[in-house]
Amino acid sequence: MIIRGEARACPLEWLDQFCMRNFTNSADFDDTLPVAAGKVEASYRLHPERFAVRPRRVAHAAGKGEGQPLLVQVTRD
């Protein structure tokens with residue numbers, strides 16, 4: 001997550017919320033597992049670009065990000 005130009009690992013609690021199918025209503029998120037702050041194991045079906053959009057929208061709607069716009073940067077290990 002990038003907030004006010006500062007990169008931070010996305011909190012595990014946020015990742016857990018993003019990856020729950022009941023929350024996202026998307027089958028792509030069925031095979032995701034948050035493993036630590038800023039880290040998710042995901043299936044090959046979930047494209048990094050698509051994953052980056054969802055947490056940003058959800059966090060913004062939930063008032064996360066200290067009232068500032070959020071950016072999500074996704075990288076592969």
Side-chain angles (χ1 to χ4, degrees):
M1 310 292 294
I2 300 173
I3 304 170
R4 294 184 179 160
E6 181 183 332
R8 306 176 190 178
C10 186
L12 182 58
E13 175 186 334
W14 294 12
L15 289 173
D16 196 37
Q17 290 175 356
F18 304 140
C19 295
M20 292 184 339
R21 176 165 180 170
N22 293 343
F23 189 76
T24 65
N25 289 327
S26 175
D28 291 354
F29 286 78
D30 281 352
D31 297 328
T32 60
L33 177 65
V35 293
K39 300 238 180 223
V40 173
E41 288 184 14
S43 123
Y44 66 90
R45 295 185 307 168
L46 184 61
H47 298 282
E49 298 82 19
R50 187 170 187 298
F51 183 79
V53 171
R54 184 72 57 142
R56 181 176 51 84
R57 287 183 187 162
V58 172
H60 181 72
K64 309 281 187 194
E66 303 167 6
Q68 299 297 313
L70 296 167
L71 296 174
V72 176
Q73 183 178 26
V74 177
T75 58
R76 294 180 185 201
D77 283 342

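Hydrophobic clustering (side-chain heavy atoms under 4.5 Å, transitive across Ile, Leu, Val, Met, Phe, Trp, Tyr) keeps M1 apart from L12.
In terms of the salt bridge (charged side-chain N to carboxylate O under 4.0 Å, His left out) criterion, residue partners of R8 (sequence neighbours excluded) are, by chain and number, E6, E66. In this structure P48 satisfies the side-chain contact (heavy atoms from CB on, under 4.5 Å) test together with V74, R76, sequence neighbours excluded.
The SG atom of C10 sits 8.5 Å away from the CD1 atom of I3 when rounded to the nearest 0.5 Å.
Scanning both residues, G38 and L15, for their nearest heavy atoms gives N-CD1, 3.5 Å.
Residue L71 is found in a hydrophobic cluster whose other members, listed by chain and number, are I2; membership requires side-chain heavy atoms under 4.5 Å apart, directly or through intermediates.
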